[in-house]
Protein chains: 2
Amino acid sequence: MRLVIAKCSVDYAGRLSAHLPLATRLLMLKADGSLLVHSDGGSYKPLNWMSPPCTIAMSEPSDEQREFGITELWTVTQGKTADLLIVSIHEVLHDSAHELGIDPGLQKDGVEAHLQKLLAEQIELLGEGHRLVRREYMTAIGPVDILATDAAGRSVAVELKRRGDIDGVEQLTRYLELMNRDPRLAPVQGVFAAQEIKPQARTLAEDRGIRCLVLDYDAMRGIDNADERLF
Amino acid sequence: MRLVIAKCSVDYAGRLSAHLPLATRLLMLKADGSLLVHSDGGSYKPLNWMSPPCTIAMSEPSDEQREFGITELWTVTQGKTADLLIVSIHEVLHDSAHELGIDPGLQKDGVEAHLQKLLAEQIELLGEGHRLVRREYMTAIGPVDILATDAAGRSVAVELKRRGDIDGVEQLTRYLELMNRDPRLAPVQGVFAAQEIKPQARTLAEDRGIRCLVLDYDAMRGIDNADERLF
DNA sequence: ATGTCAATGTCGCGA
DNA sequence: TCGCGACGTTGACAT
């Protein structure tokens, strides 16, 4: 990845026409050839960009362009759509390149968030006398979905998944290992909760002393709805 | 804007839960307090982010976290939604800060793009014998919407607007001034084309020898549709 | 590869 | 400020 801070103007011609007047911006060149033009505000969306696959050609400006203060021209083209992005650079204030390597990518879950909310509200599904400590209990290696206490006041760490696979058990195992080293929490009981738990995952979990809990999403949602109707 | 290249893991808890395993990434801190986490590929969307308004707290890791290799902790919170983003930094490979100032912002037009496409296809609307040279003809100060030639082979530069205002005439004037200094193009005739041209803009344009052309968008679209039905 | 649908959507408009 | 619709949408999942 190459990072350039430059005074530049930008023109885009494709599905629409767009122009960025002269200003100082960040130009981010990614390894796949894509280019992002970012300002110092707004949301995560760049002011302008070119998505991969695309190719960037850096060229010298014509005498005329040089007269207008342009020192460098970047022409970004996309083969498929014939989109065109032109960056007219007037002054480079910073330029650095960095080796990042491929990214393992984002792990996310949307239903998990709802399940988590529901289970936090219906915490006794874990067993009688259980009480919620907090959701997203943060540890050094990431947030544990739910931290609770059982009837005897012992810590219970819950890992929630839509589909309970071996990965989830491994994840919970790492959390438990870490949390059991914290004298304020130890001993911590693990609960692997999911709508559906694969046999392999169940075997692994139980072998490690982790309790498995199959959640009925619809029933939980139903109770949730009933509550909403009552209050 | 502060740019940090760092080996880090990232956790997000908000509408959903998400986790980024340890890897080298770009952390972009914008002036408004927002944070973007970018990898070296993919589209313009960051791997993870926190939108403004939000506040970033940098803190020292606990002994336990330090044991896991974490050297720095960034905790990003959003007041309104209680979203939480935690960046666990293991190693900083680059760190630089830059003053960008406020950005004048993007100028774009959706209907203009369609008008441009239609006029390029129906170029004789400019007058008999006119031929298209190209759309988005690039100059040092930005792209001219349409460059064409008249029946005598002379250059014609067209500025397109949905609503023809004085701004558009000024813009075209700048293009014409520049293009008329190019011996390959000069002399260049200007045409100010819009669905609707304000009297003030028409007066200014004609005073400068720029021809005004009112476009019937619906009729042009109708011809376009007819073509589509024929072929 | 293609189509459909949700999104931590974001963004811009108008009431 | 809120509601609504478009987006150079992007991204995930199903066919």
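Scope of the values below: all heavy atoms of this structure, side chains included, with no hydrogens, waters or symmetry mates. Protein chains get the first letters and strands the later ones, always in sequence-line order, with residue 1 at the start of each.
- Straight-line distance from the OH atom of B/Y44 to the C1' atom of C/dA7: 11 Å, rounded to whole Å.
- B/M50 comes within 4.0 angstrom of nothing in the nucleic acid, heavy atoms only.
- Protein atom CG of A/L106 is 16 Å distant from nucleotide atom C1' of D/dC13, rounded to whole Å.
- Residue-to-nucleotide proximity on DNA chain D shows that, of A/L85 and B/P46, the 5′-proximal contact is made by A/L85.
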Item checked: Full working for ring-ring contact (aromatic ring centres under 6.0 Å, His included) between A/H94 and B/H94 -> CA-CA 13 Å; A/H94 171 95; B/H94 171 94; 5.5 Å; yes
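- Under 4.0 Å is where a charged nitrogen must lie from a carboxylate oxygen, and between B/E136 and B/R134 no such pair does.
- For the pair B/L36 CG and D/dT10 C1', the computed distance is 16 Å after rounding to whole Å.
- Distance A/D103 CG to D/dG11 C1': 16 Å, rounded to the nearest Å.
- The phosphate of C/dT10 (OP1 or OP2) has a side-chain N or O of B/W49 nearer than 4.0 angstrom.
- The CG-P distance, from B/D32 to C/dT10, rounds to 13 Å in whole Å.
- Atom NE2 in B/H38 sits roughly 13 Å away from atom C1' in D/dT10 (whole-Å rounding).
- Using a cut-off of 4.0 Å between Lys/Arg side-chain N and Asp/Glu carboxylate O, A/D95 and A/R2 are scored as salt-bridged.
- Spacing between atom CG of A/D83 and atom P of D/dC7 amounts to 15 Å, rounded to whole angstrom units.
- Residue A/I70 forms a side chain to side chain contact (heavy atoms under 4.5 Å, CB included) with just one option from A/S9, A/S62, A/S88, and that option is A/S88.
- As judged by a 4.0 angstrom heavy-atom cut-off over every strand, A/Y12 is placed among the base-contacting residues.
- At C/dG9, none of the side-chain N or O atoms of A/S43 fall inside 4.0 Å of OP1 or OP2 (strictly under the cut-off).
- Counting non-hydrogen atoms under 4.0 angstrom, A/T81 reaches nothing in the nucleic acid.
- Closest to the B/K45 side chain, of the nucleotides C/dC11, D/dG11, D/dT9, is D/dG11.
- For A/D103 and B/R25, the salt-bridge test passes: some basic side-chain N is under 4.0 Å from an acidic carboxylate O.
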